[in-house]
Novice: 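One structure coming up, written as structure tokens, with questions to follow.
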Amino acid sequence: MQIQLNGENRNIPDHSNAQNLVELLELTGKRLAMEVNREIVPRTTYAQHQLHEGDQIEIVHAIGGG
Amino acid sequence: MSENANLRDDGFVVAGTTYHSRLLVGSGKYKDLEETRQATEASGAEIITVAIRRTNIGQNPDEPNLLDVVPPSRYTILPNTAGCYTAEDAVRTCRLARELLDGHKLVKLEVLGDEKTLYPDVTATLEAAETLVKEGFDVMVYTSDDPILAKRLEDIGCCAVMPLAAPIGSGLGIQNKYNLRTIIENASVPILVDAGVGTASDAAIAMELGCDGVLMNTAIAGAQNPVLMASAMKKAIEAGREAFLAGRIPRKRYASASSPLDGTFF
């Protein structure tokens, strides 16, 4: 299925959940935060959060800034 | 002596935590993370701002992370909403930051109005501040040097109000001392100068006016030697604070001799 990840279209396996996505991206254990369709997905719920075709996903981290 | 020592050793309180360093620093614009680490350490700052941005998907997974060199276990991380031009984007950014930092509630709110000046959009700032305070965030808010607005942001429930000294990254120094004085006099939350400082004397002036602290990034990171400038800023902040507490002499147009006239032999 196709999702939009950080502004870019991407195909991921059907029936993936948020945890599957994090693993697919090799981001397991990294300090990050995820938003799906503008709603925060707490990291404790990744495994229960089913992703759907067309979901708009943002994965962010902290970088240098003032 | 102990009284003097107490005066020097005062701290300021933000959202229930006492901080002893009145210098807050940003972590942007450094040439690499090692320089970030060294300058941050030299500044003596306890509160460090960070930005929230998209993770680079597919990049080297072992790439070093900012929070490895400014660890949340040692510093108070202050996520900002830099680059946000709407209240909605600023609120989203804060929610993501709270998730990123394990429920951490302290945020630096800025909603910008214009790319050329990076001046705050004050109506959007008020709107975002209201939402964030309702959602339980501790909001340190970047704003213009307008005393009425500063008071309104305090009334909304912001835990610190941070007027600009001059446009972000401009290095122009304190442009409106009188407004800053008024903002400080009216306030019952900490007032910090955020943005516009160019060099150490600017930071000292802010502190001499009675500010509780100064937040800066470019003045340090953009200096020829950022680590040395970080150290200079630390001293300027301390010197300015002590001068404020000590109470300066009044300005006079004409001279008054420092040496007594009695006992002259000529």
Side-chain angles (χ1 to χ4, degrees), chain A, chain B residues 24-30 32-33 35-36 40 48-63 65-70 72 77-83 88-89 91-93 95-103 108 110 142 168-169 194-195 215-221:
Chain A
M1 63 181 176
Q2 193 174 71
I3 57 165
Q4 198 176 66
L5 174 64
N6 286 2
E8 293 189 0
N9 291 328
R10 191 178 183 105
N11 282 304
I12 61 168
D14 288 350
H15 313 297
S16 294
N17 62 37
Q19 184 166 319
N20 301 143
L21 178 65
V22 169
E23 286 163 5
L24 185 74
L25 299 172
E26 298 182 354
L27 293 172
T28 308
K30 298 283 173 195
R31 192 182 270 277
L32 52 82
M34 191 190 300
E35 193 188 58
V36 177
N37 302 328
R38 299 191 165 223
E39 295 289 331
I40 299 288
V41 179
R43 72 179 66 118
T44 50
T45 68
Y46 284 174
Q48 292 86 52
H49 191 100
Q50 206 62 43
L51 299 176
H52 300 99
E53 174 82 23
D55 275 352
Q56 297 204 359
I57 301 169
E58 296 290 344
I59 298 180
V60 301
H61 65 159
I63 64 159
Chain B
L24 290 72
V25 296
S27 54
K29 294 189 177 175
Y30 288 105
D32 54 32
L33 286 178
E35 191 178 72
T36 312
T40 305
I48 318 296
T49 64
V50 303
I52 305 299
R53 292 290 180 271
R54 283 172 168 164
T55 301
N56 294 318
I57 304 295
Q59 275 210 342
N60 176 9
D62 298 322
E63 191 188 357
N65 186 288
L66 173 68
L67 296 180
D68 296 333
V69 296
V70 282
I77 303 299
L78 181 61
N80 70 25
T81 63
E88 188 195 356
D89 285 344
V91 170
R92 276 176 77 195
T93 302
R95 289 174 183 153
L96 281 164
R98 180 160 62 181
E99 164 64 14
L100 183 73
L101 296 166
D102 306 317
K108 172 185 159 181
E110 57 181 289
Y142 165 69
I168 294 172
D194 179 6
L215 199 169
M216 65 179 77
N217 191 155
T218 307
I220 295 175

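Since the model is a prediction, treat every value here as computed from it, not as a measurement. Below, chain A is the first sequence line, B the second, and so on; all start at residue 1.
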Novice: Quick check on the interface: out of B:T93, B:L67, B:T36, who has the most heavy-atom pairs with chain A under 4.5 Å?
Specialist: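 That would be B:L67.
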Novice: Return each pair, listed once, that meets salt bridge (Lys or Arg N to Asp or Glu O under 4.0 Å) where at least one residue sits in residues 53-65 of chain A; pairs must be two or more places apart or across chains.
Specialist: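 Qualifying pairs, neighbours excluded: A:E58-B:R54.
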Novice: Listed by residue number, which members of residues 41-51 of chain A have a heavy atom under 4.5 Å from any heavy atom of chain B?
Specialist: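 Result: A:V41, A:P42, A:R43, A:Y46.
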Novice: Can you check whether A:K30 reaches A:H61 side chain to side chain, under 4.5 Å on heavy atoms?
Specialist: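 Result no, sub-4.5 Å side-chain heavy-atom pair not found.
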Novice: Output the distance between atom OG1 (B:T49) and atom CG (B:N80), rounded to the nearest 0.5 Å.
Specialist: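 Spacing of OG1 (B:T49) from CG (B:N80) equals 5.5 Å.
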Novice: Are the side chains of B:T81 and B:R92 in touch, meaning some heavy atoms are under 4.5 Å apart?
Specialist: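 When only atoms from C-beta onward are counted, B:R92 and B:T81 do not touch, as no gap falls below 4.5 Å.
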Novice: Kindly compute the distance separating CD (A:Q2) from NE2 (A:H52), expressed to the nearest 0.5 Å.
Specialist: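 If we round to the nearest 0.5 Å, A:Q2:CD and A:H52:NE2 are 16.0 Å apart.
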Novice: Could you look at B:L101 and say if it's the side chain, the backbone, both or neither that has a heavy atom under 4.5 Å from chain A?
Specialist: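 Backbone plus side chain of B:L101, per the 4.5 Å heavy-atom cut-off to chain A.
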Novice: Starting at CD1 of B:I52, measure out to CG of A:L32 and round the result to the nearest 0.5 Å.
Specialist: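 So the CD1 of B:I52 and the CG of A:L32 are separated by 11.0 Å.
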Novice: Would you give the length of the straight line joining atom CG of B:D68 to atom CZ of A:R31, rounded to the nearest 0.5 angstrom?
Specialist: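 Nearest 0.5 Å value for the CG-CZ distance: 9.5 Å.
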Novice: Please classify the contact between A:I59 and chain B as side chain, backbone, both or neither, with a heavy-atom cut-off of under 4.5 Å.
Specialist: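 Its backbone and side chain both get close to chain B.
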Novice: Considering heavy atoms only, which positions within residues 7-23 of chain A lie below 4.5 Å of chain B?
Specialist: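 So far as heavy atoms go, A:G7, A:R10 are the residues that approach chain B to under 4.5 Å.
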Novice: Sort out for me which of B:V70, B:N217, B:L66, B:L96 touches chain A most, counting heavy-atom pairs under 4.5 Å.
Specialist: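 Between B:V70, B:N217, B:L66, B:L96, the count favours B:L96.
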Novice: In terms of heavy-atom pairs under 4.5 Å, which option from B:K29, B:R53, B:R98, B:R95 contacts chain A the most?
Specialist: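 Maximum pair count with chain A is reached by B:R53.
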Novice: To the nearest 0.5 Å, what is the distance between CD (B:E35) and OG1 (B:T40)?
Specialist: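 So the CD of B:E35 and the OG1 of B:T40 are separated by 9.5 Å.
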Novice: Any side-chain heavy atom of B:L215 within less than 4.5 Å of one from B:Y142?
Specialist: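 Counting from C-beta outward, B:L215 and B:Y142 never come under 4.5 Å.
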Novice: Please identify each residue that fulfils side-chain contact (heavy atoms from CB on, under 4.5 Å) with B:N56, with sequence neighbours left out.
Specialist: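 With neighbours one apart ignored, the set is B:Q59.
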Novice: In terms of heavy-atom pairs under 4.5 Å with chain A, which of B:D194, B:V69, B:D102 leads?
Specialist: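 Ranked by heavy-atom pairs under 4.5 Å with chain A, first place is B:D102.
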Novice: Can you name the nearest heavy-atom pair linking B:S27 to B:I48, along with the distance?
Specialist: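 Heavy-atom minimum between the residues: CB-CG2, 4.1 Å.
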Novice: Hey, what do you get for OG1 (B:T218) to CD1 (B:I168), rounding to the nearest 0.5 Å?
Specialist: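 Rounded to the nearest 0.5 Å, the OG1-CD1 separation comes out at 8.5 Å.
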